[in-house]
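Atoms within a ligand are numbered from 1 in the order they appear, just like the ligands themselves. Residue numbers start at 1 and run along the sequence shown.
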Amino acid sequence: MIVVICGPGGVGKGTIARRLAGSLPSAHLARSWTTRPRRPGEGDEAYEFVSREDFESAIDQGMFVEWASFNGRLYGTPRSELERGDPTILEIDVQGARSVRMLELEAAIIGVVPPSFHELERRMRARGDDDAHVESRLAIAANEVEAMIGLADHIVVNDRLERAIDEVAGIVRGAALRPE
Ligand SMILES: Nc1ncnc2c1ncn2[C@@H]1O[C@H](COP(=O)(O)OP(=O)(O)OP(=O)(O)O)[C@@H](O)[C@H]1O
């Protein structure tokens, strides 16, 4: 089964996806490719950091299930990352989730929303994002949340992290019980 964790930048999808993967022994957290530079303190495991040239040649070779351009950077999920775990967890933005839906993959799409846009801004600033990044993310966050509400199978408010993780884990357990 594929579980998609999607949401606007800074909402906490990465944190939730990592915790979920850590709590399910057979899960695989899909590693995305990106052309964005690594943030200070970010580990090697966060992404496969590649050049734009390598990314574009991978697109030409049809390597990605989905890819998107975001704030001038490219992000994508390689096909080789699918079906590597049960579930395979994809942490992607709303555009990526839309691509997964269009491909009609067997996927539970979980949309993560912030308790408020004020809190979303606070978390991005607390994470050390610069002003330009925070402003560009906030400018599209409301549209992303609206699109996600029309797209996702489940919406989870990331108010308290532990509570949100429990809710996501419950959804994944429920989806695993559904007959193929
Ligand atoms: N429920 C929560 N309460 C308070 N802080 C949180 C909560 N969930 C996540 N955070 C913090 O908010 C920040 C953003 O979380 P995270 O990096 O997981 O977001 P993201 O959606 O993956 O962002 P991006 O798409 O930009 O990578 C992090 O510093 C994280 O520790």
Do NZ/NE/NH1/NH2 and the carboxylate oxygens of [X] and [Y] come within less than 4.0 Å?
X: K13; Y: D93; result: no
X: R19; Y: E162; result: yes
X: D129; Y: R125; result: no
X: D44; Y: R38; result: yes
X: E42; Y: R36; result: yes

So, regarding [X] and ligand 1 (criterion: nitrogen or oxygen to nitrogen or oxygen, under 3.5 Å), is there a contact or not?
X: R18; result: no
X: D159; result: yes
X: N158; result: yes
X: V11; result: yes

*Regarding H28 and E81, is there a side-chain donor-to-acceptor distance under 3.5 Å anywhere?*
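Short answer, yes.
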*Select one of side chain, backbone, both or neither to describe which atoms of R39 lie under 4.0 Å from any atom of ligand 1, heavy atoms only.*
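Near ligand 1, R39 shows its side chain, while the N, CA, C and O stay back.
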*Quick one: look at R160 and ligand 1, take heavy-atom pairs under 4.0 Å, and tell me if it's side chain, backbone, both or neither.*
backbone
*Considering heavy atoms of the protein only, find what lies nearest to atom 25 (O) of ligand 1 and give residue, atom and distance to 0.1 Å.*
K13 NZ, 2.6 Å
*Could you list which atoms of ligand 1 come closer than 4.0 Å to a heavy atom of G14?*
18 (O), 20 (P), 22 (O)
